[in-house]
Structure formats: C-alpha cells, structure tokens
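Encoded as structure tokens, the structure appears first; notes follow it.
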Amino acid sequence: MEINPTETNLAEELPTNCDDNEKSAKCSLHTKKIAFKLKENNGNILTIHHTVRENDKMLRIVISVACFDMRGLQLVAVDRRGTIFVFDLVARRYWRHADILAKPSAITASYKEHNQYIVGNKEGFIVLLDVDKTQFLHKNKISNDVINEITFPGQPLEPKCLMLIRAGRSAIIMDFQKFTCTHRLDFDKLQMSLKYASYLPQSENILTCFTNDSIHIWSGVSLEVIRVIYPIRLRDKKLQTEEALPELTLDYDKTGEQCANINTGHGLIAAYAYRMDGSIFALSTWDKFLLFLSPYTFELTSLVNCKNFVLLHLSLLTKPNDQFLIGLTNRGSVVMFDCINTEYKLIIDIGPARSIKPSLDNKYLTIGRSSGELALWSICHLLSVLKSQQECMTILRTAFKQTKPFKLPSTELDGKFQDEIKKLLTPHRLQQILQEFHCYPAKYRSLIWCSLLVLPHNKVQYSDLVQMGTPPTIARRCRSINMKNDTLKRALIKCWSSLSQWCKVLAHSEILPDLIFPFVKIFQQNHLVAFEVCMTVITNQFQLFFEYHPLEPSSYLGLCANILQHYDKMLFDYFVAKDVTPTIYAWNLLKNSFSEVLDEEQWMCLWDNILSGPTYYLIFVVVAYNIMQKEILLRLPDKFIIERFYHDQNPVDVRKLILKTQKLLDKCPGHLHPKRYMSNFQPIPQKVYPKFLNYPNECLKKYEDKVLDLQSVNTAIDTRMRDLELEELEIMKRLEDGLRKEEHTKRLKEVEKYYQDTLRREEERINCQRKMLLLYRKELRHKKAEVAAALQEAEQRKGIFVKEHELHSLQYYIEQERMCNDINLMWAEEELQNQDLELLAQKSMEQHSTPSLTITYYDDICKLQHEQKRLNNDIRKIVSPQLATRDYKNKTQRTKKPIKSHSDFEAELEKCQMEFLSLTGP
C-alpha cells in the first residue's frame with residue numbers, strides 16, 4: 001500500500017542558534033508543547049523524524065527506541081543522541097524532555113505511574129524518567145554491558161516492586177523503589193551463555209533463553225530452576241510425526257531488499273514473544289520455523305513453516321484479535337498474518353525496518369525505519385485490511401468454483417460499466433489474483449480480459465466494417481472449414497471478414513482462422529468484443545507474425561531460438577543435429593496460439609497470464625514449453641516425429657509452465673531481451689480503429705494484381721469448361737443406349753469372374769488352414785512328449801532327492817550313536833580310574849595306620865641276633881682268636897647294616913605313601 005502520512009519534524013521547535021545541550025539547559029523546551037496532527041482513515045497515521053542543521057547540512061538523527069505507556073495514550077521516543085520526546089496522543093501535543101541519556105538501547109513503561117518510564121543505554125546506565133519533571137528521578141550504573149531488556153513481574157511479586165534487566169550476558173534484579181540491584185545472575189560459560197531474560201506475564205517466574213537453545217524457568221522467590229525446556233527438540237519430534245505443516249510464504253519484490261545474513265552460531269532461537277494475558281508463548285527460529293507453546297505446560301501446541309523468511313521480532317495481539325501476529329522479518333519488512341489461516345497475510349510496505357513496538361491495548365504500532373524515522377501505525381486499520389483480504393479471498397474462491405461465464409452488460413450500459421470496471425479491476429489487483437491462483441475465475445474471465453485489453457467498444461466503426469461484407473477470398477476459403485457448430489462457424493467467418501476489411505493481409509493469411517478461433521469461441525455471443533480482442537492481440541502479442549507474410553516471421557522465431565540457446569544449449573544443439581528449425585518447435589505452437597497442444601482450461605489459464613504480461617511474453621512461453629518437454633523431445637528419433645509432437649496434446653502442468661516462463665523472463669540478459677524489438681502494449685483508441693501496417697504492403701499489392709488477372713483467366717477457363725461439359729453430356733446420351741447392353745453383359749461376366757476368384761481364394765485359404773492345423777498337431781505331440789519326459793525326469797530327481805535325504809538322516813543317526821557310545825566309554829573309563837584311585841588311597845591310608853615292621857618283628861629279630869651270636873662264638877672257637885676277633889667285628893658290622901637298611905626302607909616307603917596321598921588327595 002502506498003501511504004503519504006503526516007510527518008512531524010522534531011527539530012522544528014529548536015532555535016537555529018543553540019546546540020542540543022543548550023536547548024535542554026537554557027531554552028527550557030520541556031515546557032513548550034507543540035501540536036501535531038494524525039492522519040485519519042489511514043494506516044500510517046504519523047511519521048516522526050528528527051532533522052537538524054549542522055555545518056550548513058541537514059542531518060537526520062536516528063530514533064533508537066520508543067515505548068507506549070500502560071494505557072496506550074502516550075508515546076516516548078529517544079533518538080541516538082539521547083534526546084527524549086514525549087507525544088500525548090489524546091491532546092495531540094508533543095514536547096522535549098530537559099534531560100538526556102546518550103546511546104539509549106531499551107525503554108519500558110512503569111506499571112506504577114503512567115508518566116514514568118525506565119530507560120537503559122549501551123553504557124550500562126539505567127534511569128527512571130518522569131515526563132512531567134525536568135530531571136531524571138533516579139540514575140544508576142548497573143553494568144558495563146548494553147541494557148537489552150527491561151521487564152516487570154506479575155502477581156504475586158508485584159508488591160515487591162522488582163524489575164528484571166538483561167545486560168549483556170547477565171540478568172539483574174532491581175528494586176524499583178530503591179533503584180538498587182538486589183540479585184545478579186551471571187550466565188557466561190564456555191558451552192552456553194544468556195540470550196534472553198524476562199519475567200513471564202501474569203507470573204512471578206523468570207524465563208531465560210541460552211545459546212544452546214534451552215529455556216530455563218526460574219522461581220522469582222527462590223531463584224532456583226524449576227523447569228528446563230528444549231523447544232528445538234520438541235519441534236524436531238513433531239516434525240517426525242506430523243506430515244503436513246501450515247506454510248507461510250511472503251511474496252517479496254525481486255528488486256527489493258536483500259536477505260540479512262543468518263547466523264546460527266548462538267543457537268537457532270531468533271526471537272520470542274508472549275501474549276500479555278499469558279495464554280500463549282511464541283518462538284521463531286533461524287531455520288525458518290515459528291513455534292507456539294503453552295506457558296503453563298510448555299508443550300508444543302502448533303508449528304508454522306516460514307518458507308522464505310525469518311522473524312527477528314514478534315508481537316502477539318490480545319483478544320479478540322489473538323489469532324494475529326505482527327513480526328519483523330530478516331528482509332526488513334513488517335508482516336501481519338493470521339496464525340490459524342496462514343494464507344492470509346499483510347506486508348506493511350514502509351521500506352526496510354529495524355524495530356517494532358505495539359501498545360499494550362493493541363491500538364497503535366511503532367515501526368523504526370532503517371533511515372531513522374519512526375512510523376506510527378493504526379493496528380485497527382491493518383486488521384481491517386487483513387480481514388477485508390480474507391473476505392475478498394472467500395469471494396474469489398466462490399467465483400473460481402463457478403464455471404458459468406459472467407454475461408457482459410448490454411450496449412446501453414457499456415460506458416458507465418466500463419468506467420466502473422476500470423476503477424475496480426486495476427492491474428495491481430489482477431496481478432495479485434494471478435500470483436495467488438495463477439489464473440482468473442472462469443465466471444469473470446471475459447470481463448477481466450476486456451478490462452485488461454482496455455477495449456473501447458467502437459460500435460459505429462465496427463458496424464461500418466461489417467457492412468462492407470465478406471471478401472471473395474474469405475468466402476472461397478470458408479468452404480474448406482468444417483465445423484459441427486454452425487453458430488460458431490458463422491461467428492468465426494464474421495470476425496475474420498471484419499479483420500480482413502480492417503487489414504487486407506489478414507484475408508490471405510493461412511494461419512489466421514486457427515489463430516483467432518479460441519478467442520472467437522470465448523466471445524461468440526458478442527461479436528464486437530470478439531473482433532476487438534482479436535484486433536488488440538494482433539497489434540500487440542502478434543505484432544511480428546505478419547512481418548514477412550506469407551512466410552514465417554523469421555525475426556520472431558530467431559528471438560525464440562536465441563533465448564532457447566541461452567537457457568538450454570543441450571536442447572538447442574539437439575534440434576540443430578536433427579535439423580529441427582524454429583519453424584517446427586516454435587511456429588507450430590504460435591500459429592494456433594497454443595490451442596493445439598493445450599486443452600480449453602489450460603489454454604485459458606495460459607492466456608490469462610499472457611494478456612496480463614508484456615507483449616513479448618509469448619516468446620518466453622515457447623521457450624519454457626520446450627524446456628519443460630525436454631526429456632520427451634530428447635528421446636524422439638527423427639525430425640518427422642518431433643514435428644508430429646507439436647500437433648498433439650501432451651501432458652504439461654500449466655502452473656509450472658507459467659512459473660518457468662516468469663523465471664526466464666526475469667533472468668533474460670539485456671542483449672537477448674525481445675523488448676528491444678517489440679513495442680509496448682497499445683490499446684485500441686476510442687472511436688477509431690488504427691491501421692495495422694506491419695506486413696509487406698507492396699508485395700501484397702503485386703499479389704492482388706496478379707490475383708485479379710488470374711481470376712479473369714480462371715473465369716474464361718470456367719466458361720470453356722462448362723461448354724465442354726455440355727458437349728460431353730450430349731455424347732454420353734448418344735452412347736448410353738448402344739453401350740448399355742454391352743456394358744451390362746461385361747459387368748455380369750466380371751461379377752461371375754469375381755465370384756469364381758473369391759471361391760478359389762477361399763479354397764486355398766481352407767487348404768492352408770488344414771496344413772497349419774496338421775503342423776499344430778505335430779508340434780503339440782512333440783511338446784507333449786517333451787512334457788512327459790520332463791515330468792519323468794522330475795519324478796526321478798524327486799526320488800533321488802528323497803533317497804539322499806534318507807541316507808543323510810541315517811548317516812546322521814549313526815554318527816550320533818557312535819558319538820554317544822564314545823561318550824559312554826569315556827565315562828566308564830573315567831569311573832574305573834576314579835575307583836582305582838579311591839582304592840589306592842584307601843590302601844595307603846590303611847598302611848599308614850598299622851605299626852612299623854621294626855616294632856612288629858622285634859622279637860624275631862632279637863632271636864636272630866641271639867642265634868647270630870652263638871654262631872659267631874662257635875666260629876671263634878674254630879678260628880684263631882685274632883681272626884675270630886676280626887671276623888667278629890666284620891660280622892657285627894654286617895648284622896647292624898640290615899637293621900639300618902630295613903628302617904631306611906620303611907622310611908622311604910612312608911615318604912612315597914605321603915607323596916601319593918598328596919597327589920591323589922582332594
């Protein structure tokens with residue numbers, strides 16, 4: 001929308017001989033109130049700018065922040081230099097405050113007093129401003145960082161007079177009455193840092209958002225985290241379960257502002273907002289989504305996909321307009337849309353903006369522009385525009401469902417009706433309908449076309465052309481036109497005749513009937529409109545079609561070929577290789593205005609866009625059609641089939657064809673653009689039909705002279721032919737009687753011969769069928785034998801398979817039995833070994849418990865010793881005493897050795913038994 005609102009220059013009140021500091025201190029301008037006016041019945045009711053003269057130059061100072069009071073009756077704006085301006089929207093007066101605060105960054109209204117505001121700046125200062133007093137009530141520096149957000153809590157902490165301030169990466173709680181800091185929460189860690197912090201509406205809780213996309217809810221009393229929410233995870237989970245999402249797309253001007261850089265290094269959450277009644281909480285993300293959460297359960301209630309923009313600032317309206325949202329996009333535009341029906345949207349065309357701020361009662365909206373101005377808008381007006389758009393869309397949808405065309409008005413009302421139509425159907429409105437639906441409603445199509453082409457309805461001039469009659473050339477050529485609908489045929493002939501009387505070359509054109517037929521069919525009930533539509537199209541869209549009549553328009557086709565070569569070199573080279581000229585792939589489409597390759601509904605949709613576009617739009621339609629059919633064309637084998645392709649209806653999406661055409665039109669380079677060779681749209685003037693001269697006139701005159709000569713010769717030839725025909729009739733009458741019988745006999749013989757030949761052919765056919773039957777029987781027997789052999793082989797294979805299966809089963813059973821026997825033998829052997837070990841252990845234990853051999857046979861040993869002594873004595877008696885003594889010593893030693901050896905044997909035996917027990921023990 002284009003609006004010229006009332007502008008207020010805040011510097012008009014300032015004397016030119018004092019600087020800004022002197023104005024506040026010496027001039028006492030805070031007491032001077034200046035009247036201003038609001039623009040009534042307009043969206044942008046006021047535009048504020050601060051322009052001063054410095055060094056003989058006009059300098060515009062940017063208005064940084066602005067805020068409404070709690071009632072929405074007062075507006076405070078602070079510029080970049082810290083000058084504070086107060087606007088009373090009821091009394092329509094504004095004034096300048098005496099004190100200043102340089103580099104302001106945030107402002108909010110006090111909930112205690114209507115004339116008090118909290119203002120923060122980039123240096124960490126925060127002040128309490130009373131607009132009725134000359135100086136700040138309080139001023140305190142609370143941080144070295146920028147003050148970004150200032151919020152107040154709701155019940156039950158409201159009596160404590162607290163406020164939450166986000167300064168840099170810290171959240172500071174201040175006492176509003178004492179104006180001192182009570183708590184300070186620093187959030188600046190390596191993994192995450194603070195992005196946003198504010199009190200929740202109608203609550204004591206504090207909301208903090210961090211760079212890792214987590215939201216923490218803090219208790220305002222205990223300052224402890226009571227809940228952590230991850231909205232991005234909730235969104236991703238819903239995207240996996242929900243198939244279709246509501247989508248919101250903004251139609252930006254292609255020459256408009258460029259999209260701002262998107263940086264997701266500090267998380268995906270771009271902005272947040274909540275309704276003041278605390279019923280909904282909204283988040284926008286850098287990856288183009290809009291999330292709505294419940295502030296009570298923090299569950300994701302709905303999700304909107306923003307296709308081509310990101311919302312950097314959000315504002316939710318209150319009841320009864322709680323379904324509407326106002327946002328600032330990353331392209332610098334302000335948009336209002338319906339969150340329930342996202343197709344209804346309104347872009348506020350005010351240029352690039354940098355901030356928005358609505359009043360609490362949703363009556364006003366301030367928009368800070370990038371150029372430094374502050375625009376005040378009426379939200380009620382924006383809502384009415386958006387709601388009217390919804391009503392218009394409802395009416396349009398109803399119209400699109402109706403197929404019966406709207407009847408054009410009677411001739412008596414043409415003048416007034418045309419004036420009303422021109423006011424209502426403006427090109428801008430019609431273009432919006434095309435962008436939304438890609439075509440016009442069928443019911444009002446004829447009316448819209450008449451408005452687009454600006455038809456003059458020259459009834460007198462048209463009557464003069466009709467009274468001139470039908471030219472002989474057309475009367476002769478019309479005999480070859482075959483139509484079932486006689487009414488439509490008469491309408492075509494009448495329109496063609498009128499066009500030929502208007503321009504002679506059209507009477508000799510071979511393509512004109514096919515070219516104008518679709519238009520005549522649409523307006524067949526109104527011959528005047530049909531004639532003027534065809535005339536307008538010929539002088540504009542078809543202005544180069546007759547440039548080289550009767551040949552094809554080589555210049556026009558060359559434009560098509562050049563653009564096709566630029567956009568699709570592969571398809572162009574394929575056409576060149578197959579010797580397919582523009583006459584085939586372009587002229588076959590143009591000479592019948594695409595009616596041969598499209599059905600009626602598609603043709604009308606296409607021509608809605610052609611008539612709404614520039615005169616050279618058809619060229620890009622031809623190129624777009626060939627590019628869209630590229631995959632089919634590249635698979636056609638030769639030139640003949642390719643040419644046949646352009647005479648058949650092929651499946652094509654007209655909406656995609658229109659979008660492709662517009663894309664080619666927008667990106668066409670200047671040196672190839674056909675607008676250099678074709679004139680702009682020129683409607684038919686009132687009360688006159690201008691001559692169409694874009695054809696070779698001299699050649700046509702020579703051709704007409706030759707045609708007249710040929711017509712005279714043709715008349716003489718026709719006369720002579722009629723005479724010869726009469727003579728031939730007389731001769732035939734003479735010969736008829738004599739030759740009738742001969743001819744009758746000859747015919748009978750021919751009939752008889754015909755029947756004989758027929759019988760012979762039939763017999764030959766039957767014999768051939770018998771031979772074929774025998775061959776079929778033989779082949780069938782052969783196939784039966786093959787099938788039987790195959791069945792027998794299959795049975796044999798089946799038996800072998802069964803035997804192999806049984807053999808494998810038996811082998812498996814034997815192997816299992818052998819394995820079981822081996823296991824049983826191993827178990828038995830193991831049991832025997834265990835028994836032997838047990839017996840050996842028992843035997844060893846029994847031997848270990850009995851007395852030793854020395855004790856057992858002690859008496860026997862003593863007897864043996866006694867007998868040994870006696871024997872020794874006897875020997876001494878026999879032998880000499882020395883020998884006896886020597887022998888006695890030796891015997892004594894020998895008798896002692898066996899005793900010692902026997903004890904040693906028992907000790908070794910006991911030692912072996914102990915070692916054996918230690919080895920066989922548990």
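Every value quoted in this text rests on a predicted model; they were computed, and no experiment measured them. As a basis for the values below, the full set of heavy atoms in this structure was taken, side chains included, without hydrogen atoms, waters or symmetry mates.
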Any sub-3.5 Å donor-acceptor pair from [X]'s side-chain atoms to [Y]'s backbone N or O?
X    : Y    : result
T211 : G267 : no
N44  : L46  : yes
T108 : T151 : no
S284 : A271 : yes
D79  : T83  : yes
N121 : A102 : yes
S105 : I147 : yes
N362 : T318 : yes
R166 : K195 : yes
R184 : A171 : no

Pair R71 + D69, salt bridge at N-O below 4.0 Å: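 Looking at D69 together with R71, the answer is yes, because their closest N to O distance falls below 4.0 Å.
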If the threshold is 4.0 Å, N to carboxylate O, is there a salt bridge linking R235 and E299?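 Between E299 and R235 there is no salt bridge, as every charged N stays at least 4.0 Å from the carboxylate O atoms.
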Does NZ or CZ of R227 fall inside the cone over F298's six-membered ring, less than 6.0 Å from its centre and within 45° of the axis? no
Kindly indicate whether a cation-pi arrangement holds for K139 with F125, taking the cut-offs as under 6.0 Å to the six-membered ring centre and within 45° of the axis. yes
Donor on one side chain, acceptor on other, [X] and [Y], under 3.5 Å:
X    : Y    : result
D666 : Q662 : yes
Y117 : Q74  : yes
R354 : S370 : no

Check the orientation of F87 and Y94. Use parallel for under 30°, tilted for 30 to 60°, and perpendicular for over 60°.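 F87 and Y94: parallel rings.
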Would you call [X] and [Y] a side-chain contact if the rule is heavy atoms closer than 4.5 Å?
X    : Y    : value
F68  : L376 : yes
F36  : L89  : yes
I215 : P231 : yes

Closest non-hydrogen atom pair, L234 against L293: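 Closest approach of L234 to L293: CD1-CD2, 4.3 Å.
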Testing L200, L164, I206 one by one against W218 for a side-chain contact (heavy atoms from CB on, under 4.5 Å), which residue passes? I206
Go through it in stages, so that I can follow the logic: the residues are M163 and Y199, the test is side-chain contact (heavy atoms from CB on, under 4.5 Å), and I'd like the CA-CA distance, side-chain angles, deciding distance and then a yes or no. CA-CA 8 Å; M163 59 181 177; Y199 276 110; 5.6 Å; no
Is the number of heavy atoms from other residues, nucleotides or ligands within 6.0 Å of NZ (K141) greater than 12?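 Buried by this count: over 12 neighbours within 6.0 Å.
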Is it the case that over 12 heavy atoms from other parts of the model lie below 6.0 angstrom from the CZ atom of R80? no
Residues L314, L325; criterion side-chain contact (heavy atoms from CB on, under 4.5 Å); working and verdict: CA-CA 7 Å; L314 303 175; L325 182 145; 4.1 Å; yes
The single option from F210, Y274, Y272 that satisfies ring-ring contact (aromatic ring centres under 6.0 Å, His included) with Y196 is Y272
